[in-house]
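Below, read A as the first sequence line, B as the second, and so on, with proteins coming before strands; counting in each chain starts at 1.
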Number of protein chains: 4
Amino acid sequence: MSPTSNHGRSPHRPAREDASAIAAQPRTATGSSSANSSRRSEAARLAVLNAADDLLVEHGFEGLTIEGIAAAAGVAKQTIYRWWKSKVDILFDNLVLDAGSGLVWPTDPADPADLRAYIHRFAAFLGTEPAGHVLQALLGHAQLDPRTAELLHTGFLDALRARDVAHTRTALGIPEDEAAALLDALLAPLYHRALVLRLPLDPAYVDGLLDQHVPR
Amino acid sequence: MSPTSNHGRSPHRPAREDASAIAAQPRTATGSSSANSSRRSEAARLAVLNAADDLLVEHGFEGLTIEGIAAAAGVAKQTIYRWWKSKVDILFDNLVLDAGSGLVWPTDPADPADLRAYIHRFAAFLGTEPAGHVLQALLGHAQLDPRTAELLHTGFLDALRARDVAHTRTALGIPEDEAAALLDALLAPLYHRALVLRLPLDPAYVDGLLDQHVPR
Amino acid sequence: MSPTSNHGRSPHRPAREDASAIAAQPRTATGSSSANSSRRSEAARLAVLNAADDLLVEHGFEGLTIEGIAAAAGVAKQTIYRWWKSKVDILFDNLVLDAGSGLVWPTDPADPADLRAYIHRFAAFLGTEPAGHVLQALLGHAQLDPRTAELLHTGFLDALRARDVAHTRTALGIPEDEAAALLDALLAPLYHRALVLRLPLDPAYVDGLLDQHVPR
Amino acid sequence: MSPTSNHGRSPHRPAREDASAIAAQPRTATGSSSANSSRRSEAARLAVLNAADDLLVEHGFEGLTIEGIAAAAGVAKQTIYRWWKSKVDILFDNLVLDAGSGLVWPTDPADPADLRAYIHRFAAFLGTEPAGHVLQALLGHAQLDPRTAELLHTGFLDALRARDVAHTRTALGIPEDEAAALLDALLAPLYHRALVLRLPLDPAYVDGLLDQHVPR
DNA sequence: CAATAACCGAGACGGTACGTCTTGTCTTGCG
DNA sequence: CGCAAGACAAGACGTACCGTCTCGGTTATTG
């Protein structure tokens, strides 16, 4: 869990006011992370997140149950309900965690090649275990449940898009609306291929897509 | 239910070998509908399909239960299980039914404008109640459940795509691979906008998209 | 379950209007018992009652759980909740069942010795497994829970007392108030000894008590 | 809490070896009360006892929870568990406390009328809030739980009976076995009426009972 | 023109998981 | 150390649906 996201730490009570699940610099040293207010058990938190990830891969989203997670994590059911509302919430925390470490832009000196690199990274993230499984499951479930859709968008996708548009702008030196359009032109086929066509996002395909839209 | 689809009529027993849920000509005269072998109650079948549609809109996919459908349809639970394996199966039948009447290409004399018309029709289908709700729900659920994915692809999406590629070819007089690429370039943004961005597919947007890819 | 008691048969829905759980002749031939309205499973009913009895003796009232009964009876929890409101209800049915077969007065020709015999029978019933355990548990729980008290009195104790007073009257040929007073004088020490002093109700003690109050 | 009872003061650790919860002279000056060794908070102790009493009357025995008592007393749960094993233990302390002040024999110069007075006092104690509620609840729970039965008898009822038999002897100048039999003859109907018949122990009834067994 | 077989409604059944509740233990600061 | 606060593992509670299984009561051919 990125220290800038308090999602899992201080749960539903204080209402999600977090505006940037995807921090530009998720890794900034926040000594304040030691402001680890509550007496929450870190061991239990991690055991739950890992168990959920494992069981999602093993049994699929439908076969993922709170009772199963609790049993696999060696944790009481109530400990889960104390900190998460639902299995969707748990997976969301996993998504934020994984995105924080796996969905990053190359660091500072902006370079047009950064976009290519990032799109490749995104395709790998969406298309591979376990993070991609989680994102696909949450996107799928968001079609079925408005609360999941709300959480996924305001808590993750919106921030991700804003960040990516900004990076694209600075990387290519183009205006915001152009950056957004370019990003959509690149991401739409990836999502389409993964969610609708269910075909693999192999690097060759991604390269072809990039060649179409961004000059090498 | 299109008479060329035996999905809902003679169910899981004879194993789904239906290859063209989306018939090119779903409306072929079927006096043969009297080949209606079994003593299945048409009233019950329709009551179930309608109840499922209504309850999907009312309570969402998760809140849709077999018991609820049975109660709303005034039908015994066993009557549902006799003809459908799951609520996904019921929704699938509804999808095929709705697609048969709402996702058609203009009839015969091929015309380049047909593609524009069809894409508009598709956007309207995906974006509006209740058929779009059903398709979105099934696409969402397909991310969570491989059996749903299998059913949706081999039973609907693959046939739809094959048909649409063929129509695009004849409408524009282009080779198959070009037709497929063009179709993807048009559909990917629509799916992306509907499933990921959750924005409306208004005609203005669709027109803009078409202007980008197909000469007016 | 005595056929004159509909307690377990037609459960909480039709509201307990049964006025004579303790029928004078619980065994009256009622071929009509086959007027067994619902399709309730007799096997499940008996399995639950027996399991409850066994587990009460084994683990005590507090250690008796619905889940445990369901597991021991090889029955789904919901099957128990369908027909009984609580474990108290199950025990009550057992009590009525056991009382019907074990708490009977000698048959017709009234004889002063009948009272002696019945009091001995009562002492044995109250003091021995498993029926006595059930009655003691329900009497104990009635001190803690008004609903149990209500059920036990209006559904069992009142009818028992009325029946016993009537029998005492005809057996000894005395007026009702005298019969009631005599019965109280005999039962109070038995209950006191069983519930408060927790001493055994051996036949010698009962004989002594009888000698004190009824001429041999 | 009587100072001669260390029940609540030094709890389960030193194992209850107290033989006379009901001291003949509960009020004997025990300067040793300053043996108030530990740093136990008297305020917390009293808050717990009072809260338990209040909540027993308000919600009944079953609705009485340790957490509820802790909350109502403004005390941490652990503080309760530090000093009492269970809610039964807390109620027991309350019983001893109340009995110490409400269930006393007239003082010294022995007089035959003392028995009448004491029986009236006992009936009032058993039949009225809150002390009677506690005793009835504990008697009821003793039917369900052997540990409660053990505690109630060895910790309270046995000593009470011994004391009462002794007082009866000296008050009426009769041998011990006669005193015990007389006491049983008086108490059995009271317990029977309170626990089984659930009728009020009004003074008129008690007078009638006394007239039956002890010459005025 | 019965009989016989499938369908139908109703709903009980053995199960699984839900989300809530309480228990009794443990840990973390404060005074 | 006692204490308030409260997280924790454990597990029962009562509810909702699941998918299977009778039960009688219609139809609707078919022998």
Using the side-chain contact (heavy atoms from CB on, under 4.5 Å) rule, pick out the option among Ile69(B), Leu64(B), Asn94(B) that qualifies with Asp53(B). Asn94(B)
Rounded to whole angstroms, how far apart are [atom1] on [X] and [atom2] on [N]?
{"X": "Arg82(B)", "N": "dA10(E)", "atom1": "CZ", "atom2": "P", "answer": "13 Å"}
{"X": "Phe61(B)", "N": "dC17(F)", "atom1": "CZ", "atom2": "C1'", "answer": "14 Å"}
{"X": "Glu42(C)", "N": "dC13(E)", "atom1": "CD", "atom2": "C1'", "answer": "15 Å"}
{"X": "Asp89(D)", "N": "dT23(E)", "atom1": "CG", "atom2": "P", "answer": "14 Å"}
{"X": "Ile80(A)", "N": "dA9(F)", "atom1": "CD1", "atom2": "P", "answer": "9 Å"}
{"X": "Ile69(C)", "N": "dG14(F)", "atom1": "CD1", "atom2": "P", "answer": "11 Å"}
{"X": "Arg45(B)", "N": "dC7(E)", "atom1": "CZ", "atom2": "P", "answer": "15 Å"}
{"X": "Trp84(D)", "N": "dT25(E)", "atom1": "CH2", "atom2": "C1'", "answer": "18 Å"}

Passes side chain to side chain contact (heavy atoms under 4.5 Å, CB included), Leu144(B) versus Leu144(A)? Steps please. CA-CA 11 Å; Leu144(B) 311 178; Leu144(A) 311 178; 3.7 Å; yes
With rounding to the nearest 0.5 angstrom, report the CZ to NZ distance, Phe61(B) to Lys87(B). 4.5 Å
Taking NZ, NE, NH1 and NH2 as the nitrogens, is one of them in Arg45(D) or Glu42(D) under 4.0 Å from a carboxylate oxygen of the other? yes
Any side-chain heavy atom of Leu151(D) within less than 4.5 Å of one from Asp89(D)? yes
Can you see whether His141(D) engages Gln143(C) through a side-chain donor-acceptor pair at a distance of less than 3.5 angstrom? no
Considering all heavy atoms of both residues, which atom of Leu152(D) and which atom of Ala142(D) are nearest to each other, and what is their separation? CD2-CB, 4.2 Å
Atom of Leu91(B), atom of Val134(B) and distance for their closest heavy-atom approach: O-CG1, 3.5 Å
Any idea which of dC3(F), dG14(E), dC8(F) is nearest the Thr79(D) side chain? dC3(F)
Are OP1 or OP2 of dG2(F) and a side-chain N or O of Trp83(D) less than 4.0 angstrom apart? no
Roughly how bent is the helix from dC1(E)-dG31(F) to dG31(E)-dC1(F) end to end, in steps of 10 degrees, with each end axis from five pairs? 10°
Quick one: what's the B/S/- string for nucleotides 15-21 of chain E, heavy-atom cutoff under 4.0 Å, read 5' to 3'? B-SBBBB
Within 45° cone of Phe92(A) ring axis and under 6.0 Å: Lys85(A) NZ or CZ: no
Heavy-atom donor-acceptor pair, Arg39(A) side-chain to dT28(E) base, under 3.5 Å: yes
